[in-house]
Amino acid sequence: MKNKIGLLLVGVLIATVGFTSLEPVSAIAGSIKLTYANFPPAPTFPCVQMERWKKEVEKRTNGQVKVDTFPGGTLLGAKNMMDGVIAGQAKVGNLCMAYQPGRFVVTNATSLPLGIPNAYVGSLVLWDLWAKYEPQEFGKVKVLAMFTTAPTNIMSKVPVRTLEDLQGLDLRASGGAAQILSAWGANPVGMPMPATVEALQKGVVKGLYSSLEVMKDFKFAESCKYVTMTDTVIYPFAVVMNMDSWNQLPKDVQVILDDLKVEQSKWTGDYMDNHVKKAMKWAVETQGVEVINLSAAEKARWDAKLQPLTDKWITDAKAKGLPAEEIVADIKRLIKKYSE
Ligand code: DTR
């Protein structure tokens, strides 16, 4: 009996030594599994960037990390993304901050009409803004990327050539973009992007206010035959990870994900800007979409209506104890810096 126990102990010892002298446990292929939730359908830009992140992470960790992606709201939807990730229903999630404007006050300041020219610049501005202020609403998660859409324009079933055409027009928008529509006299109808398909079909809205890649990705060009160029505002996004899951990652994997953060944000901004161009070429050439450019005089009328929005945001954000003027000044400075 004694001998048997002795043998057993030796066996355990050999197994332990043998095991620890091999690769660390975490380096076994596929040993770390990350679920990644996303709310819109697979072909849209938030999911394209998700697949790119998955590919890069799996490659850079030599397959040690395996990412299972869930597009189309199959794991978490547009509005419960942040809470779902905090609760651990998904380990990683992608969210549009404009869908919860009151929750993401600092980062949603990028949705003020301050002149972000494209998604690449927008993404870098957003990233720096978040990094400087580290707003408490992200305190319970690890931020893995931040990016913005390209500037927002009106896609509609009826032509919008003047401010008068816009009065009372039901257009789908969220967050800062919805406030801009209100200031112009339109009637913004709030809902996450995926719900817009049905709203357009049923006639609940006459169009939408968003970045233009959706003309192709959601086939909105089939019903919205007019695009009025306003290039006024972007929608900010964040990719966040459950904090416990992050803390459980081996250090080498954390370094890889940290290295990818800004790169992923830039990649997405770049992808978005190029994709908008392709989508609009398709919309004009194959769907007969008319692009309406406002005259300088008309544009000046539209711009004048937007001036009070930033002042109002400053007053509201100050009341919440935020350094509102500094935030707006930072955004303007960063736009300049990254546009050069
Ligand atoms: N413009 C925002 C965000 C957005 C832009 N393109 C897509 C594609 C899929 C989901 C969201 C978005 C919006 O209108 O919701």
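Keep in mind the model is a prediction, meaning the values are calculated, not measured. Just so you know, ligand 1 is whichever comes first in the structure, and atom 1 is the first atom listed for that ligand.
Counting non-hydrogen atoms of other residues, nucleotides and ligands closer than 6.0 Å to NZ of Lys132 gives a total above 12.
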- Message: Show, in sequence, the C-alpha distance, side-chain angles and deciding distance for Gln49 and Gln264, and conclude whether the side-chain hydrogen bond (donor to acceptor under 3.5 Å, both in side chains) test is met.
- Response: CA-CA 8 Å; Gln49 73 76 35; Gln264 179 70 15; 2.8 Å; yes

- Task: Under the side-chain hydrogen bond (donor to acceptor under 3.5 Å, both in side chains) rule, what do Thr69 and Glu51 come out as? Steps first, then yes or no, please.
- Result: CA-CA 8 Å; Thr69 55; Glu51 293 303 327; 2.8 Å; yes

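Leu200 approaches Lys157 most closely through the heavy-atom pair O-NZ, 2.7 Å.
With respect to Asp258 and Lys142, a salt bridge is recorded, a charged nitrogen being found less than 4.0 Å from a carboxylate O.
Closer than 4.0 angstrom to ligand 1 by heavy atom are Phe39, Pro40, Thr44, Phe45, Pro46, Tyr99, Thr149, Arg172, Met193, Ser210, Ser211, Glu213, Val214, Phe218, Tyr235, Phe237, sorted by chain and number.
Only one option out of Gln89, Gln100, Arg103 pairs with Asp83 in a side chain to side chain donor-acceptor pair (under 3.5 Å); it is Arg103.
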